[in-house]
Amino acid sequence: MTDVYVIGAGIIPFARHEASSLTDLSVEAAYQAIKDSGIVPHRIDSGYFASVLGGRLFGDSTLGQSVFAEVGISGGPIVNIENACASGSSAVCLAYNALSAGQSDYAIVVGAEKMCVPGLGLLNSGESDIETKLGLVTPASFALRAQRHMYEFGTTLEQMAQVSVKNRRHAAANPIAFFRQPVTLEEVLNAPMITDPLTRPQCCPMADGAAALVLASGSAISNNKRAIKINAAVLTSGSYQNPIDLVRWETDQRSCRLAYEKAGMGPDDLDLVECHDAFTIAEIIHYEALGLCEVGEGGRLVAEGATSLGGRIPVNVSGGLIGRGHPVAATGVAQIVEVVAQLRGEAKERQVDGAKVGLAHCMGADRQGDARSCTVAILSS
Amino acid sequence: MTDVYVIGAGIIPFARHEASSLTDLSVEAAYQAIKDSGIVPHRIDSGYFASVLGGRLFGDSTLGQSVFAEVGISGGPIVNIENACASGSSAVCLAYNALSAGQSDYAIVVGAEKMCVPGLGLLNSGESDIETKLGLVTPASFALRAQRHMYEFGTTLEQMAQVSVKNRRHAAANPIAFFRQPVTLEEVLNAPMITDPLTRPQCCPMADGAAALVLASGSAISNNKRAIKINAAVLTSGSYQNPIDLVRWETDQRSCRLAYEKAGMGPDDLDLVECHDAFTIAEIIHYEALGLCEVGEGGRLVAEGATSLGGRIPVNVSGGLIGRGHPVAATGVAQIVEVVAQLRGEAKERQVDGAKVGLAHCMGADRQGDARSCTVAILSS
Amino acid sequence: MPARLKENTAPEAGATELLPPVQEGIFSLPAAGETGGPRLMGGYCRACERYHFPRERHCHRCLGPVEAADLGDSGVIYSFTAVRAKPPLGLPQPYAVGFVDLAANGLRVFALLDPDCVDHFKIGAPVILAVKPLGHDGKGRPCLRPYFTLQQHPAESEA
Amino acid sequence: MPARLKENTAPEAGATELLPPVQEGIFSLPAAGETGGPRLMGGYCRACERYHFPRERHCHRCLGPVEAADLGDSGVIYSFTAVRAKPPLGLPQPYAVGFVDLAANGLRVFALLDPDCVDHFKIGAPVILAVKPLGHDGKGRPCLRPYFTLQQHPAESEA
Ligand SMILES: [Zn+2]
Ligand SMILES: [Zn+2]
C-alpha cells in the first residue's frame, strides 16, 4: 500500500449562488485545488465527482467529465458518485483506495451541490422508499434520536442547543461559511420548531457550494511541506439491524472503530474533528461513536465547552454543517478541506493550536433507522 | 495484484416493465447473480450500483443501498455510480480495481435503468452543456460520424444497415432481448429517418432492464469451474482534442489499446466481442478501434459476415444495444453477463463455438465530438 | 365500519375502500362484515424464523422464500416526533412519526402516528394500528396510509 | 438590420435584440449602425497561443487567464446531419447540426446549421455565421441561437 496525501484543497463560499450553475461552482473549487497543489492539471490522471441533485434538478449527467475537462483534466478514469450526504467523502474514499493501490498517481475529487432552488422542500431518502412514503423526512429521523437520547440519558434541550451556539460561533470566523452571525442559546431555543425537539437553527441550512481536493500518492510527492497524509479513509454502509438502537448507533460506532483501526490511532490522538452535524443531536451522538466521551455523555460534553475552539477536542471549528451550510455532496469534501487547512496551520482565526491529527466524519441518508453510508477519514501533518 | 473473477451473473429481460420500479428490476438481477454465484449474500463485502436516470426520473438517491440491502448485502462500502451509457461498466471497473488491490473479497455490481416513461425524449449530454443547447442529441452525434465515414471511406447505407440486420438476427436467439423479431435489409433502409443517414432500426431502442455480476478475488474462489477471469477492465475518458477526428476516434482507439496492453492480448486473441452499438455506425467504428479490421474497413467487415455468429470474430451475439435494447446503466453490465455466458459455454442457441476469450466495450456521452467515458474489459475462461 | 378505519371527510378523497394503499401489502383491512381493525402485514422466513416489515422479496439472510405475515396491530412507542415544518405528500401540518415496537414479535418499525394526537405521544405509550386516507401518493392522488394511534385516546384519558 | 440577423416572424418571439442568447458570450452582434454580421466568440490563451470555443474560464492547458476572442464568421462543413425526429428545445423539425472547421483558426466546432437549408449541406461547403431566434432556452423562453448557413444559398446557386 502506497501512502496517500492531500496536496491541494479548494473551496468556494457556501451560500446562495443564484447566478452560477453547478458546473460554475465546481470548476472554481477544482481550479483552486489544482492551483493550491502546484502541479499542472494534465498530471492528474483520475477524477471523482460527487453530486446528489444534479440529475434530479438540472438533468445533468457525467458532470464530472465537464468540470474536469474545464480545468485541463481528461483522458483518465472519471466517475460520478452519489451517496447522499456522504457523496463527497465517498468520492474521497474511492480516490484514496485507487491511489493507495498504486492505480493512480494524482487524483482530483470535487463535491458540489446547487440546491437553493424553489420548491426543493425537505430532503428524504428516495421517493420510492417505504419510509419516505410513510412521511419520513430527514429532520424527523434525527428528531427521533433526540427524543430517545433525552429519554434515556437526560440530555436537555439546552445541551442540544449548545451545539448550534458553538458551531455558529465557529462559523462566524470562517469566511466561506453560510452563516457569519452567531446565535444565542435563547435564539436557538425560541426559534420555530421544525420537528420536535429540533428548532430551525438546530438543522443545517441548505446551501450552494463546492469543495475540491487534489490527492497524490506517496511516490508522486517530493518534499512537499504542505502535503497532509491520509492515514485512513473508510466507507461503510448501514447494517439495518432490527431492533435498531437510535442512540447507540451501531453503524456510526463500527465506522469510527474501523477508521481508528486502519489508522492505528484512537480518539486520544485527535486534535480536531469535523463531524456530520446535520442536526444538533447528530453531533452529540457522533461524539459518543467517536469515543470523545461515553455513550450518553455527549450533551454534557458540548455544554462544558470541551468541543469548542480552545477546548479539549474542538469539533466543527469550520462551523460544521449547521454553520457552514450543507450543500449535500460538497460537505464531505469540505470537511477534509477544513482538516487540511488546520493541519497545515493555515486556518487563521479558527486555527486549533498545534493541530497534528484531524478526523472527518460524514453520514448519508436513512433506512430503517440506520445510515445508508458513513465515511471516516483520519489525516495527519 | 490479485486476480479477479466473475462468479455470478444475472439479468432480467430488457423490455417495458411498466409495473416494476427501478428497485424491483435491480433486486431481481442481483438475486439471480448471487444465486448463480453460489455464495451467501453476507459474504459480499462491497457493492457498486449504476443508474443514470433514477434521480432525474424518480427522485431516487442511494438506490444501491436499498437494492443491496434487499438481497442481504449491507455494512460494507457501497457507492452509486453514474457515467452515462458506460455507468454499469464503470461500476465494474471500480469493483475490479478494489478486488485486484485486495480491498475486497467479493463485490456485487448492478446496472439498472427504467426509462420507458412518457416524455423522456432523446437523450443528451446534460442540459447545461453548450452542445445540448445548440441542438445536439445523441443520435446526431453518431450520424455526424456516419456522414464522415461515408465521405472518407465510401461506407454505404447498406453496410451500416447490415449491422442492424445482424444484431436483430442475433437478438432473436436471446431470450432477454428487447427485439425478438429479425429485420430485413430493406426494412432497415426504408424505415423512418431519425437523423441522416440513421433510420430507426439503426438506433438502439430504450428499454427497462437490469443486470448484475458477483465478482470475487482470486484468493476467495476455490475450484470454481464456472469462474471467469477478468484479464483487464479499463475506464478512460475523452481527450477532447481539437480538431477532433470523428472517424479515427482517438479515445476509442486509446482505450482498446490500453485494455489489450493490460491483458497482454490483442485482437487476434478474441473469440467474441460485445461492443457499444448504440447506432450502427458506432459498431463499425468500434471494429476499427478494436483492431478487428483496418480503419475505414468496418463497413466491409460487417457486410462480409465476419462479425456474425459463425463468422471470424462474432460481435454482439447477444443482439447488442440495437437488438437487446439499451437500458442505459444496465448495458455495460449486460455485455459482461453475455461474455460470461459465452465463456462458460452456456449461451445455448447463440453460443460461439469454443469461446475462450471475450471483450466487452462500452462508451458514454458526448463532448466536443468525443466520448466522456469509455470502458473495455477482457475476460477469459 | 370499524372504529380504526376512518373515512377522510375531504370530498376529493373518495370512499376509503376505493382508495389504494400507499404501498401494496403493508396492511390488511377486515373484509366486509368482519369485526376487528386493520393489521400490519409484513413477511416471514420459515428457514430463518425471521419476521420483517415491510415484506422482503427474498429473505435478506438466506435469500429463501418469504411468506406474508400478520404482524399484529399493536405495540409501544420507542420514539416519536411531530413534524411541524411544511409536510410532504399532502400530510397534515403538523403530523407525527415514530418507531413502534410491535407487541407480536418485537420488530421496531417506522410508522406514521395519528396526526390527531400529535401532542399526546409518549415513549412507552401503547398504540394500535389504524388506516385512513392520509395525504397523497406523491402524484397528488389520495391514498390510504397505516398509522398508529394511542390505545387510550387523550380525550378518553382526561374524561 | 444585417442580412444574417433575421428576426423570427413568430409573434411571441419578440424583437431579436431584446432576446437573450442561448448562452452568454458565444457570439457578438454588430452594434446599431455597424455593418457586417454576427461573429462567433470564443477564448484565447496568450501563453499557450490557443483558441477555443466556447470560451474557457481558465486555459485548459495552463489554467492561465483567457481573453475573449473573435473566431470569425466563416468556415467549411466537416460533417452535418439533419435531425428528423421530434426536436428538443423547440427547434424546427427537421433541423440540422454539424461540425464546422473555422476559417480563422482551424478550430472544429459543433454548430447548429440553417434549418432552411436542411437538404442542401455538403461536406466541404463554405458556411457563414448567422443569428436568429431559434427554439427556446429549455424553460420555454425564446432565445437567440447562432447557426451557420451556406455561403451560397441553394436558391441562388440554382438561379
Ligand atoms: Zn431466511
Ligand atoms: Zn494556456
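Throughout, protein chains are lettered first and strands after them, A, B, ... in sequence-line order, and every chain is numbered starting at 1. Hydrogens, waters and symmetry mates play no part in the numbers below; they use all other heavy atoms, side chains included.
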| Minimal non-hydrogen separation, A69(A) against H60(D), with atom names |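 Between these two residues, the closest heavy atoms are O-ND1, 3.1 Å.
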| field | Minimal non-hydrogen separation, C62(D) against K35(A), with atom names | value |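 That would be O-NZ, 4.4 Å.
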Would one find more than 12 heavy atoms of other residues, nucleotides or ligands at under 6.0 Å from atom [atom1] of [X]?
X       : atom1 : value
R344(A) : CZ    : yes
R55(D)  : CZ    : yes
H136(D) : NE2   : yes

| query | Is it true that a side-chain atom of H58(D) and a backbone atom of E70(A) form a donor plus acceptor pair closer than 3.5 Å? | reply |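 Absent.
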| Checking I73(A) against chain D: side chain, backbone, both or neither under 4.5 Å from a heavy atom? |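 Neither; nothing under 4.5 Å.
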| Going through the checks in order, is the side chain to side chain contact (heavy atoms under 4.5 Å, CB included) test met by R57(D) and V71(A)? | CA-CA 8 Å; R57(D) 283 162 238 246; V71(A) 288; over 6 Å; no
